[in-house]
Structures are given as C-alpha cells and as structure tokens.
Amino acid sequence: MLWGPAVAEPHHYVLALSWSPTYCEDKGPRREPLQCALHADHTFIVHGLWPNARDGSVNFCDTDAPPPSRRTMGDMLDIMPSESLVRHQWRKHGTCSGLSGDAYFETVRRARGKVSVPPGLATLQDTIRVRPQILREAFLRANADLSPDDIYVRCKGNDLVEVRICMTPNLDFRACPKVENRRCRAPMLEVDPPR
C-alpha cells in the first residue's frame, strides 16, 4: 500500500462489490442503517473503485482536485447505500484517481454499470451453499468479456464478503495482479439473502 501524491492515471482499478448481507450481519448494531434497514434488499453494493499503481494500491493521496458535491454524494446512495462509505471512498481512494470528486464518482457508476450480477444472486431469497469457483463462474457467464483472471472472490471463513473485478483506466476488464494469492480458499460458502 502506497501513500503519496495523486496518481495522474491509475495503472488499473479494482471494483469491489460487497455482499451486503454479510456486512450487515457482521456489524450488528454498528451497521449502516440505510444499507441494513429491514427490507432494504441490498445484495451486491459498491464498496469502492480503487486506483492502483504498477506496484500496488495507493491510498489517501494529496490532491488539489475539488471534492464531490453534496448532490453527487447523495446520488451515489443507490449503489453505495451509506453516506459515510461514499465520503470515505473519496478520501481514501478517489483522491488517488487524478479526477475531481464528481468525475471520480461518475467513473465509479460507469464501472458498476459494466458488471452484470448473475440473476440468481441479484434476486436471492434463500441461503445457498456454493463453492467460490462456482460463484466466480456465474459472474463469467453473466459478463461475456470477463476472463477468469479478471475476478476473484473474497471470503471470511465460509461467508461471502466481496467480489473484486479488475479494470483498465478505460474500464475494460483486465487481469488482476497476483490473483491466485487473493482468492477465497474456503471449500464452500454460505451466501445469505438480504433480510
């Protein structure tokens, strides 16, 4: 992880799509009310779009770029249902993108729009047990341009935490560096539906 000046153009991005039911269960009473409210029905939410340099991720960069407007931050709540998450992602990652706050979140929205969530996950009603590889393959089938090395599944124990997808600065899918080291090693995942 690098700290430093803004990256003029990232080498690549990592789009992190968090499985909201796992977050809401883990956080308990400290969970985000907008994201975890009863019947909120969030499945995958955007955790962030993280600029990466050639030698690793960059965080909390110095920048003169204008921060996002309040309107832009409010407009992100449909895919990032937490005001504190939106603010944090700008401070930690957006400042390293070389973009203004409004342009960064426009890029986040376009990146999210490039990814189709497999239909069975988008409308999950009951807990399923699935191997991480099968989950990954479902994303590959739902996204014709996605290759096996462009995506990896993250887990905590047997719980699905995130799906991470690597993209070029132009938001085309691309291979993730060291993807084998980052994949979920659990033999089976329990994926709970929204409550």
Side-chain angles (χ1 to χ4, degrees), residues 1-4 6-7 9-24 26-27 30-32 34-36 40 42-63 65-70 72-117 121 139 143 146 150-156 159-179 182-184:
M1 183 183 324
L2 304 174
W3 296 62
V7 177
E9 182 171 323
H11 180 255
H12 70 279
Y13 286 113
V14 176
L15 176 66
L17 300 175
S18 291
W19 186 248
S20 187
T22 300
Y23 162 84
C24 294
D26 283 352
K27 290 296 183 181
R30 296 180 303 130
R31 61 190 177 200
E32 172 61 45
L34 181 61
Q35 181 177 342
C36 302
H42 294 294
T43 55
F44 283 106
I45 62 116
V46 175
H47 179 173
L49 183 68
W50 305 331
N52 279 240
R54 287 189 187 276
D55 50 355
S57 62
V58 287
N59 296 309
F60 298 107
C61 296
D62 293 328
T63 182
S69 67
R70 285 181 182 228
T72 293
M73 290 195 300
D75 287 348
M76 295 305 294
L77 296 177
D78 62 324
I79 61 172
M80 299 176 81
S82 164
E83 291 178 10
S84 62
L85 174 62
V86 174
R87 284 191 303 273
H88 177 73
Q89 289 302 305
W90 165 250
R91 286 191 307 268
K92 185 172 182 181
H93 300 290
T95 57
C96 299
S97 67
L99 301 171
S100 71
D102 290 347
Y104 169 71
F105 283 112
E106 178 184 316
T107 303
V108 171
R109 184 170 292 283
R110 285 191 302 115
R112 174 60 188 90
K114 292 269 196 163
V115 177
S116 295
V117 172
L121 290 170
F139 270 89
N143 297 275
L146 194 62
D150 303 349
I151 178 172
Y152 57 102
V153 175
R154 301 278 295 167
C155 60
K156 180 179 177 184
D159 293 326
L160 172 63
V161 173
E162 283 184 332
V163 170
R164 293 184 181 175
I165 299 170
C166 296
M167 298 179 157
T168 67
N170 291 328
L171 304 182
D172 296 318
F173 299 131
R174 62 147 286 162
C176 299
K178 302 177 185 168
V179 70
R182 298 180 171 150
R183 288 189 178 143
C184 174

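As the structure is a prediction and not an experimental result, all values here were calculated from the model.
The two atoms that bring Glu162 and Ser18 nearest to each other are OE2-OG, 2.8 Å, heavy atoms only. Here the closest heavy-atom approach between residue Val58 and residue Cys61 is recorded as CB-SG, 4.3 Å. Nearest approach of Leu17 to Phe44, heavy atoms of both residues: O-CD2, 3.5 Å. Scanning both residues, Leu121 and Trp19, for their nearest heavy atoms gives O-CH2, 3.6 Å. Here the closest non-hydrogen pair linking Trp50 and Gln89 is NE1-OE1, 2.9 Å. Closest approach of Ala53 to His12, counting heavy atoms only: O-CE1, 4.5 Å.
There is no side-chain donor-acceptor pair under 3.5 Å between Asn52 and Ser57. In this structure, a donor-acceptor pair under 3.5 Å is present between the side chains of Gln35 and Ser20.
The OG atom of Ser84 lies 11.0 Å from the CE atom of Met73; values are rounded to the nearest 0.5 Å. The distance from the CG atom of Leu15 to the CZ atom of Arg164 is 10.5 Å, given to the nearest 0.5 Å. We find the CD-CZ distance between Glu83 and Arg70 to be 9.5 Å, quoted to the nearest 0.5 Å. Rounding to the nearest 0.5 Å gives a distance of 11.0 Å between NE2 of His47 and CZ of Arg154. Between Leu77 atom CG and Ser82 atom OG the span is 8.0 Å, to the nearest 0.5 Å. With values rounded to the nearest 0.5 angstrom, Ile151 atom CD1 is found 8.5 Å from Phe173 atom CZ.
Residues satisfying the ring pair (Phe, Tyr, Trp, His ring centres under 6.0 Å) criterion with Tyr152, sequence neighbours excluded, are absent altogether. In this structure Pro67 satisfies the side-chain contact (heavy atoms from CB on, under 4.5 Å) test together with Trp90, sequence neighbours excluded.
Proximity of a side-chain donor or acceptor of Asn59 to a complementary backbone N or O of His93 within less than 3.5 Å is not detected. Looking at Asp150, its side chain never comes within 3.5 Å of a backbone N or O of Cys166 through a donor-acceptor pair. The backbone N or O of Tyr13 sits nowhere less than 3.5 Å from a side-chain atom of Arg174 that would complete a donor-acceptor pair. Between the side chain of Thr22 and the main chain of Asp159, no donor-acceptor pair closer than 3.5 Å is present. Using modelled atom types, one side-chain atom of Thr63 and one backbone atom of Ala65 make a donor-acceptor pair closer than 3.5 Å.
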### Task
Carefully, step by step, assess Val108 and Val46 under the rule side-chain contact (heavy atoms from CB on, under 4.5 Å).
CA-CA 8 Å; Val108 171; Val46 175; 3.9 Å; yes

### Message
The test is side-chain contact (heavy atoms from CB on, under 4.5 Å); show your working for Ile45 and Leu85 and say whether it passes.
### Response
CA-CA 11 Å; Ile45 62 116; Leu85 174 62; 4.0 Å; yes

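Looking at Leu160, Val153, Val161 one by one, the single match for side-chain contact (heavy atoms from CB on, under 4.5 Å) with Cys184 turns out to be Val153.
Sorted by first and then second residue, the side-chain hydrogen bond (donor to acceptor under 3.5 Å, both in side chains) pairs involving residues 103-117 (not counting sequence neighbours) are Asp78-Arg109.
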